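This structure is a prediction, so every number in the text was calculated from the model and none was measured. All ligand and atom numbering here is 1-based and tracks the order in the structure.
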Amino acid sequence: VPALAQGPSSLYELLSALPAQLQPHVDSQEDLTFLWEMFGEKCLHSLVKIHEKLHYYEKQSPVPILHGAAALANDLAEELQNKPLSSEIRELLKLLSKPNVKIRKTKAQKLNYDPVLPPMPEDIDDEEDSVKIIRLVKNREPLGATIKKDEQTGAIVVARIMRGGAADRSGLIHVGDELREVNGIPVEDKRPEEIIQILAQSQGAITFKIIPSIKEETPPTEGKMFIKALFDYDPNEDKAIPCKEAGLSFRKGDILQIMSQDDATWWQAKPEGDASPRAGLIPSKHFQERRLALRRPEILVQPLKVSNRKSSGFRRSFRLSRKDKKTNKSMYECRKSDQYDTADVPTYEEVTPYRRQNHEKYRLVVLVGPVGVGLNELKRKLLISDTQHYGVTVPHTTRARRSQESDGVEYIFISKHLFETDVQNNKFIEYGEYKNNYYGTSIDSVRSVLAKNKVCLLDVQPHTVKHLRTLEFKPYVIFIKPPSIERLRETRKNAKIVSSRDDQAAAKPFTEEDFQEMIKSAQIMESQYGHLFDKIIINDDLTVAFNELKATFDKLETETHWVPVSWLHS
Ligand SMILES: Nc1ncnc2c1ncn2[C@@H]1O[C@H](COP(=O)(O)OP(=O)(O)OP(=O)(O)O)[C@@H](O)[C@H]1O
């Protein structure tokens, strides 16, 4: 063809020049018309133009201006969503969600992850015109995708893409994509574990032959969602997790950011504040609740009441305000049903940051711990450290007032009838009966301490805590835990416990049995109610424990803490 002989400067020029020069070389009119139409086809011209542009850019070896462009745009969008929506913010959010911006983001990600376009294989089957060949360069990090065998078709498909992981950042693999080959090895008749093995052994560039899914992917959920884990989780111990390596381990009390809830069984999350963009798999709330509920009977076999003592009830709250030290502090029987708590299965709780504003009431501080652990001692030290700042509740009683007592100081003295009416009206946090008299801590007594703008220190049985978890009180729960039995023996040599075993209510030195009971009771409390504790303080050395408690209070009043979303958005 003369056009070639003259050496056209570009493929596009050649294509444009070709139809005009065809005639002398083609005999049949039919062939000529066919060739004219073919070379005149608009999409062919467009393709050639694109090819030339790509070729040009390839020579220029472009580098992304900003490597973290996608993450930056996401962060910006999230940041903007939390702001009051002005028209400018709305416009910017709209721009950031436009497909062309997204494509730019994807391109930047791709460059970031070094995908290489391999030459098209020659043996490609006509029916497989939707086949995509992609190549990812595998660094040390895992691929961040899980695969499964489609039960109906038997095909190997991508089950999930871990948010922020290598596959996700590449933007080249999607959920539902069918995997045909890995590094030229057909995977159709392989089990997922075998494929994972191939992937694990591959280093450097890995080539995938896939048939892209036609399903539209759901866009990531808007806004950030944080949860507090209410149980310990280790993916290595979880037989149900589809891929242990992709799992995220966490401890009770950890705050996690939810990255995806697309899958009903396995959510994706990362630890709050973690700089890495990579998410890990965690069991979804629903899934975890279901499997824990099945195991529940085992957990419940051990009731909290381990002692042959009478229930400790709310003895401490009373004792503190009482001058009559002789009174048995362990005298109140709690309602029996309360001892066997059928608390909801603890999994996760959605939380949000909260910082107390100056005009707001203080959060209620709830102290929990086994009998004799030193809860009263710590509370007393706190009170005397700043009587203006800390306060305790005054309990109600139906017993007769003694001569040295004043109404509203040691107790609020009320009639049996009134007490029973108040019980009916749910006015008590806890109540009990001793020697035919009622004793109780009312909700109003907490309110009256808080209304004086004081921090209210309340000690209750752990099963009561869940009833106090309201927007009004925003309780901060501190568990006072005993140290080891050896340390108890050492530190409590001169200490005395008011034992109720003989019903004499006299303070006596701790016995070995007291220590054992304290430890056992603390273990049960922690396993049954640990998910409700915001802080655990071990009362080993008294001064150390007190200082830790004081520091906790200072932080509570000035710093941001995670609280259930229901407290702020109800
Ligand atoms: N860290 C400690 N080291 C040594 N002695 C301690 C320590 N903490 C508390 N004690 C002593 O242990 C005894 C029991 O403490 P306290 O009465 O405060 O316990 P409690 O948990 O409030 O018990 P109860 O529930 O029976 O009222 C007291 O004599 C107290 O001084």
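The backbone N or O of Phe428 lies less than 3.5 Å from no partner atom in the side chain of Glu430, so there is not a single donor-acceptor pair. A donor-acceptor pair under 3.5 Å is absent between the side-chain atoms of Arg489 and the main chain of Ser484, judged by distance alone. Counting only distance, with no hydrogens or angles, the side chain of Thr397 and the backbone of Tyr438 share a donor-acceptor pair below 3.5 Å.
At under 3.5 Å, not a single nitrogen or oxygen of Ile497, backbone or side chain, sits near a nitrogen or oxygen of ligand 1. At least one N/O-N/O distance between Leu375 and ligand 1 falls below 3.5 Å. Remark: ligand 1 and Val373 share an N or O pair separated by less than 3.5 Å (distance only, no angle test).
The shell of residues lying under 4.0 angstrom from ligand 1, judged by heavy atoms, includes Asp540. Distances from ligand 1 to the non-hydrogen atoms of Gly372 include at least one value under 4.0 Å.
Residues Tyr348 and Gln288 have side chains that never bring a donor and an acceptor to within less than 3.5 angstrom of each other.
Summarising the contacts of atom 8 (N) of ligand 1 with Asn539, Val371, Asp541, the nearest heavy atom is found in Asn539. Considering only non-hydrogen atoms, atom 7 (C) of ligand 1 lies nearest to Arg492 out of Arg380, Glu377, Arg492.
Contact atoms of ligand 1 toward Leu542: 1 (N), 2 (C), 7 (C), 8 (N) (distance under 4.0 Å to a heavy atom of the residue).
Between Ser249 and Asp234 the shortest heavy-atom distance is CB-CA, 4.2 Å.
For the pair Arg399 and Tyr439, the cation does not sit on the ring face, since its NZ or CZ is not both under 6.0 Å from the ring centre and inside 45° of the axis.
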